[in-house]
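These notes are about the structure you will find just below.
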Amino acid sequence: ITPVGRVVYPSDSTSCVAGQCLRPPAAHHPDNKRTSVKFKMPPNSLFAVLLRSPWWISFALVGLIALVAFALLPAQYAVVGALGGLPIFVVGCMAAWRQLHAPSPARVAQALQAAQTMPWRGFADTLDAAWRQGGFEVQQLDGGAADFCLTKSGSTTLASARRWKAATHGVEPLRELRAAMEQRGATAGLYVLAQGSLSDNARLYARDNSITIVQDNALAALLLAKS
């Protein structure tokens, strides 16, 4: 399971001893605000595509870069040129680790089938336990657009999972989840589905509103993490 940002809290720079301030507080200025910067890899970047691709593609690309470097560059620059493939080699190692530790297709199918037959209370408790194992504090919510409130490292994520058995999933439940996120100050949202299809408009809305769709392999990995 897949993603939550961090909140940076401003610190009090004034120190006082016996009622006397050693340093006066800085005057307020827009440039003095501390901001949090969260790196997010563009989904269509080369590295993101390689992470989603079979691991051997990255290593083949590294080999091709090295081959071209030694074939076209002068001898004294060939090694430097070959080292240009080092970032891709690192991505290949990450992809290999993920894919070798991913559940088998049979286990994925078994986990999804089990989720589709669970009653709501059993499914909710399974998700609760899986998120807690991932280091989140979990609060189950009664009613409303969100079913769970997850907190970790000072950030809040709302999760909607009650429609996990629905045959179709449109934009409306995602809009309701986004409204709940704004009301609670959540930095991200999760929408969980074990079956059915998500409309193209809903997928685009989720992408543009910090909502992650948890389905298929991602859902199976979450459920299997509990076991």
Side-chain angles (χ1 to χ4, degrees), residues 1-5 38-45 47-55 91 94-118 120 122-138 140 145-153 155-171 173-174 177-178 181 186-227:
I1 319 180
T2 169
V4 181
K38 182 176 69 172
F39 173 77
K40 184 177 181 181
M41 185 182 299
N44 294 324
S45 68
F47 291 158
V49 171
L50 289 175
L51 277 174
R52 298 192 299 266
S53 303
W55 58 267
V91 171
M94 294 172 60
W97 189 91
R98 289 184 181 183
Q99 293 165 23
L100 292 175
H101 288 78
S104 66
R107 293 192 68 197
V108 168
Q110 184 179 13
L112 293 178
Q113 184 176 8
Q116 294 165 8
T117 60
M118 286 181 183
W120 164 244
F123 185 62
D125 289 343
T126 300
L127 291 176
D128 187 306
W131 281 319
R132 289 182 187 277
Q133 185 168 324
F136 290 92
E137 295 181 9
V138 182
Q140 294 195 29
D147 303 301
F148 301 89
C149 179
L150 316 177
T151 56
K152 185 177 183 180
S153 302
S155 295
T156 301
T157 299
L158 294 186
S160 174
R162 195 174 292 270
R163 300 185 75 252
W164 87 108
K165 289 185 180 182
T168 59
H169 303 265
V171 175
L174 298 181
L177 177 59
R178 178 62 189 177
M181 290 165 56
T187 56
L190 301 175
Y191 187 78
V192 182
L193 62 151
Q195 63 183 29
S197 59
L198 187 72
S199 70
D200 292 339
N201 288 338
R203 198 172 298 278
L204 291 174
Y205 183 87
R207 183 198 65 185
D208 296 337
N209 288 275
S210 302
I211 298 174
T212 299
I213 304 300
V214 183
Q215 64 178 147
D216 299 335
N217 289 2
L219 177 59
L222 179 63
L223 299 175
L224 293 171
K226 173 186 173 295
S227 57

### Task
Output the distance between atom NE2 (His169) and atom CG (Leu193), rounded to the nearest 0.5 Å.
4.5 Å
#### Entry: Output field: ring centroids Trp120/Trp164 closer than 6.0 Å
yes
### Query
If every non-hydrogen atom of Met181 is compared with every non-hydrogen atom of Thr187, which pair is closest and at what distance?
CE-C, 4.5 Å
### Query
If you take all heavy atoms of Ala159 and Trp131, which pair is closest and at what distance?
CB-CH2, 3.7 Å
### Message
Return the CZ to OG distance between Arg178 and Ser160, rounded to the nearest 0.5 Å.
### Response
14.5 Å
### Message
Does Glu137, at its CD atom, have more than 12 non-hydrogen atoms belonging to other residues, nucleotides or ligands within less than 6.0 Å?
### Response
no
### Query
CD of Gln195: more than 12 outside heavy atoms within 6.0 angstrom?
yes
### Task
Check whether any side-chain heavy atom of Val138 sits under 4.5 Å from a side-chain heavy atom of Cys149, and report yes or no.
no
### Task
Give a yes or no on whether the backbone of Gly134 and the side-chain of Lys152 come within a donor-acceptor separation of less than 3.5 Å.
yes
### Query
CG of Leu224 to CD of Gln110: how many Å apart, nearest 0.5 Å?
8.0 Å
#### Entry: Donor-acceptor pair, side chain of Asp128 and main chain of Ala124, under 3.5 angstrom
no
#### Entry: Under 3.5 Å donor-acceptor, Asp147 side chain and Arg162 backbone
yes
### Message
Any non-hydrogen side-chain atom of Thr126 less than 4.5 Å from a side-chain atom of Met118?
### Response
yes
## Note on the structure
Heavy-atom closest pair (Ser53 atom, Val49 atom, distance to 0.1 Å) is OG-O, 2.7 Å
### Summary
The single option from Thr157, Leu158, Leu127, Val192 that satisfies side-chain contact (heavy atoms from CB on, under 4.5 Å) with Phe148 is Leu127
### Task
Look at atom CD of Gln113 and say whether more than 12 heavy atoms of other residues, nucleotides or ligands are closer to it than 6.0 Å.
no
### Atom of Ala206, atom of Leu174 and distance for their closest heavy-atom approach
CB-CD1, 4.1 Å
### Message
For a 4.5 angstrom cut-off between non-hydrogen side-chain atoms, does Ile211 reach Leu177?
### Response
yes
### Message
Less than 4.5 Å apart, side chain to side chain, heavy atoms only: is that true for Leu112 and Leu219?
### Response
yes
### Query
Considering residues, nucleotides and ligands other than Asp208, do more than 12 of their heavy atoms fall under 6.0 Å from its CG?
yes
### Query
Arg163 and Tyr191: side chain to side chain donor-acceptor pair (under 3.5 Å), yes or no, with the steps?
CA-CA 9 Å; Arg163 300 185 75 252; Tyr191 187 78; 2.9 Å; yes
### Message
When you compare the side chain of Leu190 with that of Leu150, does any pair of heavy atoms fall below 4.5 Å?
### Response
yes
#### Entry: Phe123 versus Ala115, closest heavy-atom pair with distance
CE1-CB, 3.8 Å
### Query
Heavy-atom distance under 4.5 Å between the side chains of Gln140 and Asp125, does that happen here?
yes
